[in-house]
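Following: one structure in structure tokens, then a few remarks.
In what follows, every chain begins at residue 1, and chains take the letters A, B, ... in the order their sequences are listed. Remember, predicted model here, so these are calculated numbers, not experimental data.
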Protein chains: 2
Amino acid sequence: MKSIVKDLTHERILNAAESLFALHGYDGATMRQITEKAAVNLSAVNYHFDTKEKLYAETFTRIIRPLNAERLTILTQAELLAGDHPVPLPAILESFIRPTFMLAAGRPQFLALMSRNFSAPPPFMREIMAAEFSAISQRYIRALQHALPGVPPMELFWRMFYTVGALLFTAAHRETMALLSHGAIQSPDTESIIRRLVDYASAAMCAPRREPAMS
Amino acid sequence: MKSIVKDLTHERILNAAESLFALHGYDGATMRQITEKAAVNLSAVNYHFDTKEKLYAETFTRIIRPLNAERLTILTQAELLAGDHPVPLPAILESFIRPTFMLAAGRPQFLALMSRNFSAPPPFMREIMAAEFSAISQRYIRALQHALPGVPPMELFWRMFYTVGALLFTAAHRETMALLSHGAIQSPDTESIIRRLVDYASAAMCAPRREPAMS
DNA sequence: AATCGTTTCATACATTTGTTTGAGTTATGA
DNA sequence: TCATAACTCAAACAAATGTATGAAACGATT
């Protein structure tokens, strides 16, 4: 019978999968690597998750669902606090960015998996991701429209898109950055990262729209 | 003997590899898919490139080298034009962004391969990429320091990093965006993309630095 | 204690993987 | 023309892949 407490094997597999999928991608991580790292029998994955694809999907939704829930919670709080006024832009952005790094605390591969899955998702993940982000994207676009009524909605959409790109890229390379920077950059603490990203995105979101080049 | 004109097989393999590595990643694309798409014998890859890893490396350097060369060319032109003055920020950014989309014209998977290789590079690519981007990153940081003397160099480094993230994310999802946008977004033309990105990044690069949160 | 659903395990399976082989073909240069 | 280098090809290789199987061990409820 299904036990009340979470199945240990189930959890161990998910943890190993999170780390290995993040490191090597869906195709690069093998069932044997995963089960070995989880100290679990090879067949356990097929027993608990049926297929490798379903394991990957569960590994990803396990990280993305609480993340998006937390984002909406904070954004909702900010909206309540703002009352009739629009939520200030930096607050909107921070509600999106901060949970990313908070939930990643103590899980070294959390960010890498997220980033990889967005930039190079396995084909079977497309629908799943669209479903997971449908609500979120609508909520944020709406909040941004209130905060920046002067910026056309389509422009807002694109800029939020860029911001997600900046966030994910940072997430993916947080540790491997020293290489490109010739040692000038030391890995900064979480709060600095958040502040830097929010500052960057806040300025970018309300950029003036340049006139199209013309004669 | 090595013929003067480029070997046809060599080229066909690289073209097929570019498209398939972009679509499925290093592990996801198989030699058989590649040789089949190239209409070439399976062994041809090993004959011409020795191993799959070296094929991947060549596929990537073939797109990244002309790209970075073009960037430096345009940046140098802008510097000459500016004389003693610093190159204006939007010009710096455009010299970085525009060649990306120009060289991608007519090569549907150019951008996807670039993006994938940055966000989830196969392990053996790390050194190669560091080598390819060493010169570029130094040149751009210097130009940015001149254009924005008020912003600390480390801040500039990070913001340029974010900008690259925004660029690559856009590159990866240029076609698959309609999904998340609920049909509200139609794929825009190249000039619009460039202008939007430059506007976004120009505002972001010179963002004011918020005071650290304190008591 | 006996039973039955659940979970583990070692082993095996059929495919697919990148690479190798060696004979064949084509082209080049003397 | 002939010898040699460059290239192509079909076939085969060992290794690794995801998954399936069936027996054993476990655990709770009767």
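DNA chain D is contacted by A/Ala29, A/Thr30, A/Met31, A/Arg32 of residues 29-39 of chain A, taking any non-hydrogen atom closer than 4.0 Å. Listed in residue order, the members of residues 40-55 of chain B having a heavy atom less than 4.0 Å from DNA chain C are B/Leu42, B/Ser43, B/Asn46, B/Thr51, B/Lys52.
The aromatic rings of B/Phe161 and B/Phe157 lie parallel to each other, their planes meeting at an angle below 30°, with 60° marking the opposite boundary.
What separates NE2 of A/His24 from C1' of D/dG18 is a distance of 18 Å, to the nearest Å. At whole-Å resolution of the value, OH in B/Tyr56 and C1' in C/dT19 are 21 Å apart.
With sequence neighbours excluded, no residue forms a salt bridge (charged side-chain N to carboxylate O under 4.0 Å, His left out) with A/Arg71. For the ring pair (Phe, Tyr, Trp, His ring centres under 6.0 Å) test, residues two or more places apart in sequence or in another chain that qualify with B/Tyr56 are B/Phe21, B/Tyr26, B/Phe124. For A/Thr51, the side-chain contact (heavy atoms from CB on, under 4.5 Å) partners are A/Glu53, A/Lys54, not counting sequence neighbours. Qualifying side-chain contact (heavy atoms from CB on, under 4.5 Å) partners for B/Ala78, counting only residues two or more places apart in sequence or in other chains: B/Val87. Shown here are the ring pair (Phe, Tyr, Trp, His ring centres under 6.0 Å) partners of A/Phe101, two or more places apart in sequence or in another chain: there are none. In this view, A/Ile64 and A/Phe60, A/Leu67, A/Asn68, A/Met114, A/Phe118, A/Glu132, A/Phe133 satisfy the side-chain contact (heavy atoms from CB on, under 4.5 Å) rule, not counting sequence neighbours.
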Extract all donor-acceptor atom pairs below 3.5 Å that involve side chains of residues 30-45 of chain A and protein atoms in other chains or at least two apart in sequence.
| residue | atom | partner | partner atom | Å |
| --- | --- | --- | --- | --- |
| A/Thr30 | OG1 | A/Gln33 | N | 3.1 |
| A/Gln33 | OE1 | A/Thr30 | N | 3.0 |
| A/Thr35 | OG1 | A/Met31 | O | 2.8 |
| A/Thr35 | OG1 | A/Arg32 | O | 3.3 |
| A/Lys37 | NZ | A/Ser19 | OG | 3.2 |
| A/Asn41 | OD1 | A/Ser43 | N | 2.9 |
| A/Asn41 | OD1 | A/Ser43 | OG | 3.1 |

